[in-house]
Amino acid sequence: MSHLDCIRNDIRNMRAYQVADVPAGFIKLDAMESPYDYPEDMKKELGRTLAEAPIRLYPNPATCGLLQVLRDTYQIPDEADVVLGNGSDELIERLTMLVSKPGAKVLAPAPSFVMYRVNAEFFGLEFIGVPLRENFTMDLDAMLAAVKEHQPALVFIAYPNNPTGGRFAREKVQAIIDAAPGIVVVDEAYGAFSSDSFLGEAGKIPNLVVLRTLSKIGFAGLRIGYASGTPALINELKKIIPPYNMNQLSLAAAEFALQYRPFITENINKLKGERERMRTALHAYPAIRDFPSEANFLTLRVPDAKALFDKLYEHNILIKNLHGTHPLLDQCVRITIGLPEHNQAVLAVLAEMYGS
């Protein structure tokens with residue numbers, strides 16, 4: 001008997017999440033990171049802040065100053081309780097663990113963020129993916145029918161959706177919240193780029209949890225996510241969050257970074273402007289189908305996704321090839337919005353491939 005035989009068979013049959021290896025000098029447009037670096041004066045001040053962080057001591061994420069800064073910055077309702085996660089990934093995992101009773105089910109639109117399904121499988125739960133329409137909008141009738149049939153303990157709704165980019169109609173999401181027998185997680189990882197949010201409802205709707213992250217607005221390396229909901233619900237989640245799940249440097253850096261709200265807002269607005277400029281430019285190419293996006297990326301359907309991926313790679317540009325990950329994503333790619341010159345380099349390759 002091998003020592004590996006004691007490992008769960010389903011885990012042995014899984015594939016690890018693959019983080020792309022990016023060669024030096026590449027334009028990285030595959031992971032929805034911000035392209036904007038700190039200015040030098042901000043870097044120096046951050047260095048002084050981190051030098052004063054008490055790294056000899058364990059952190060206390062439950063009482064750290066970042067919690068109040070998040071409340072003030074994003075107007076989190078007083079009724080809501082908030083818990084921090086090591087990225088929203090940890091919170092997705094723990095929310096799934098929270099409901100992992102025998103026979104419990106997790107439901108989400110599909111395609112959506114892959115970790116909803118992966119975490120359901122980790123905890124031995126059945127995952128139900130309800131297909132989106134061909135144009136990546138939500139089929140509310142199908143969602144409500146699935147909720148009624150499966151009675152899911154947990155529903156995930158990415159708002160806006162990843163990897164498709166669109167934001168589902170608010171009234172549809174509200175209808176699912178109203179109908180669901182269990183917890184509904186509205187995952188607003190891309191909320192900073194969206195025209196709508198459920199954060200103002202956190203703490204007011206008993207079965208609602210709103211997830212947010214600092215990753216997409218310029219601080220992916222800090223791994224700071226947070227969940228907001230009623231104190232009764234968040235208190236249960238806190239029971240299974242590790243006591244020292246964050247680190248002193250990330251907590252200090254995040255609290256520092258949020259003092260620079262104009263810097264963050266300006267960069268968000270630049271990316272939204274570039275997103276729309278890209279979409280407008282793409283309309284010149286009948287071979288490309290672009291989909292509405294309220295995130296910091298565009299999802300496109302092209303004649304040959306691998307050919308486009310390879311051509312961009314030849315030009316030192318890395319994007320995400322979605323083809324093969326879900327039937328609805330046939331010949332689709334996802335391109336993060338970068339600096340104007342990055343986006344122009346992408347458009348030049350598209351013009352070379354699809355221009356008349």
Look only at the side chain of Asn13 and the backbone of Asn9, and say whether a donor-acceptor pair between them is shorter than 3.5 Å.
yes
Salt-bridge present (Asp304, Lys306; N to O < 4.0 Å):
no
Side chains of Leu258 and Ile264: does their closest heavy-atom pair fall under 4.5 Å?
yes
Ring geometry between Phe291 and Phe136 (parallel below 30°, tilted from 30 to 60°, perpendicular above 60°):
tilted
Can you tell me if Thr299 uses its side chain to pair, donor with acceptor, with the backbone of Pro163 under 3.5 Å?
yes
Does some side-chain heavy atom of Ile92 sit less than 4.5 Å from a side-chain heavy atom of Asp187?
yes
Looking at side-chain heavy atoms only, is the closest gap between Ile241 and Leu91 below 4.5 Å?
yes
Under 3.5 Å, is there a donor-acceptor pair between the Asn343 and Glu274 side chains?
yes
Would you confirm whether Glu294, through its side chain, and Ser195, through its main-chain N or O, come within 3.5 Å as a donor-acceptor pair?
yes
Salt bridge Glu134-Arg289, side-chain N to carboxylate O under 4.0 Å:
yes
Indicate whether any N or O donor in one side chain lies under 3.5 Å from an N or O acceptor in the other, for Glu33 and Thr336.
no
Are Tyr190 and Tyr159, when compared by the centres of their aromatic rings, separated by less than 6.0 Å?
no
Is it true that atom NZ of Lys320 has more than 12 heavy atoms of other residues, nucleotides or ligands lying nearer than 6.0 Å?
no
Do the non-hydrogen side-chain atoms of Leu211 and Tyr226 ever get within less than 4.5 Å of each other?
no
With a 4.5 Å limit on heavy-atom distance, are the side chains of Tyr354 and Leu308 in contact?
yes
At their closest point, which heavy atom of Ile217 faces which heavy atom of Ala192, and how far apart are they?
CG2-CB, 3.4 Å
Do Arg71 and Leu67 touch side chain to side chain, with heavy atoms closer than 4.5 Å?
no
Find out whether the Lys NZ or Arg CZ of Arg275 is both under 6.0 angstrom from the six-membered ring centre of Phe193 and within 45° of the ring's axis.
no
Any carboxylate oxygen within less than 4.0 angstrom of a Lys/Arg side-chain nitrogen, looking at Arg334 and Asp30?
no
Under the salt bridge (Lys or Arg N to Asp or Glu O under 4.0 Å) criterion, do Glu276 and Lys272 qualify, and how do the steps go?
CA-CA 6 Å; Glu276 298 313 309; Lys272 288 163 68 175; over 6 Å; no
Glu45/Arg48 ion pair, N-O < 4.0 Å:
yes
Say whether, by atom type as modelled, one donor and one acceptor occur between the side chain of Asn321 and the main chain of Phe309 under 3.5 angstrom.
no
Any heavy-atom pair between the side chains of Ser228 and Leu199 that's under 4.5 Å?
yes
Can you check side-chain contact (heavy atoms from CB on, under 4.5 Å) on Ile205 and Asp178, steps first, answer last?
CA-CA 9 Å; Ile205 301 176; Asp178 294 342; 5.8 Å; no
Main chain of Leu322, side chain of Thr325: is a donor-acceptor contact present, judged purely on distance under 3.5 Å?
yes
Specify the closest pair of heavy atoms between Pro59 and Met246, including all atoms of both residues, with the distance to one decimal.
CG-O, 3.3 Å
For the side chain of Lys172 and the backbone of Phe168, is there at least one donor-acceptor N/O pair under 3.5 Å apart?
no
Mind checking whether Met32 and Leu214 sit in one hydrophobic cluster, side chains of I, L, V, M, F, W, Y counted as touching below 4.5 Å?
no
Quick check: is Tyr313 connected to Ile335 through a chain of hydrophobic side chains (ILVMFWY, heavy atoms under 4.5 Å apart)?
yes
Could you tell me whether the side chain of Ser100 and the main chain of Met97 form a donor-acceptor pair under 3.5 Å?
yes
Between Leu95 and Val114, is there shared hydrophobic-cluster membership here, with clusters defined by ILVMFWY side-chain heavy atoms closer than 4.5 Å?
yes
Rounded at 0.5 Å granularity, tell me how far OG1 in Thr164 sits from NE2 in His326.
10.5 Å
Within a radius of less than 6.0 Å around CG of Asp10, do more than 12 heavy atoms belonging to other residues, nucleotides or ligands occur?
yes
What I want to find out is whether Glu121 reaches Arg117 closely enough, with some N-O distance under 4.0 Å, to be called a salt bridge.
yes
Report whether Phe297 and Tyr36 are members of the same hydrophobic cluster (ILVMFWY, side-chain heavy atoms less than 4.5 Å apart, transitive linking).
no
For Asp5 and Ser2, which I'm curious about, is there any donor-acceptor pair between the side chains at under 3.5 Å?
no
Does Asn267 reach the main-chain N or O of Phe263 with its side chain, forming a donor-acceptor pair under 3.5 Å?
yes
Hey, any chance Leu222 and Ile55 share a hydrophobic cluster, counting ILVMFWY side chains that come within less than 4.5 Å of each other, even indirectly?
yes
Nearest atoms (heavy-atom pairs only) where Ile234 meets Ala227:
CD1-O, 4.1 Å
Step by step, work out the side-chain contact (heavy atoms from CB on, under 4.5 Å) result for Leu300 and Leu298.
CA-CA 6 Å; Leu300 314 177; Leu298 292 176; 4.2 Å; yes
Using a strict threshold of under 4.0 Å (side-chain N to carboxylate O), is an ion pair present between Arg223 and Asp89?
yes
Verify the distance criterion only: is there a donor paired with an acceptor across the side chains of Ser194 and Asp196 at less than 3.5 Å?
no
With Asp290 as reference, evaluate His283, Met278, Arg301 under the side-chain contact (heavy atoms from CB on, under 4.5 Å) test and give the passing residue.
His283
Checking the side chain of Ser112 only, and the main-chain atoms of Ala108 only, is there a donor and an acceptor separated by less than 3.5 Å?
no
Can you tell me if CD1 on Ile240 sees more than 12 non-hydrogen neighbours from other groups inside 6.0 Å?
yes
For the pair Arg133 (side chain) and Met138 (backbone), establish whether a donor and an acceptor sit closer than 3.5 Å, ignoring hydrogens and angles.
yes
Any idea which heavy atoms bring Pro61 and Asn245 closest together, and the distance?
CG-OD1, 3.5 Å
Can you see which heavy atom on Ser34 is nearest to which on Lys216, and at what distance?
CB-O, 4.3 Å
Could you label the plane-to-plane angle of the Phe256 and Tyr260 rings as parallel, tilted or perpendicular, counting under 30° as parallel and over 60° as perpendicular?
tilted
Go through the steps to decide whether Glu201 and Val186 satisfy the test side-chain contact (heavy atoms from CB on, under 4.5 Å), and finish with yes or no.
CA-CA 11 Å; Glu201 303 305 313; Val186 176; over 6 Å; no
Report, as yes or no, whether the 6.0 Å neighbourhood of atom NZ on Lys43 holds more than 12 heavy atoms from other residues, nucleotides or ligands.
yes
Decide yes or no for Phe219 and Thr213: does some side-chain heavy atom of the first lie under 4.5 Å from some side-chain heavy atom of the second?
no
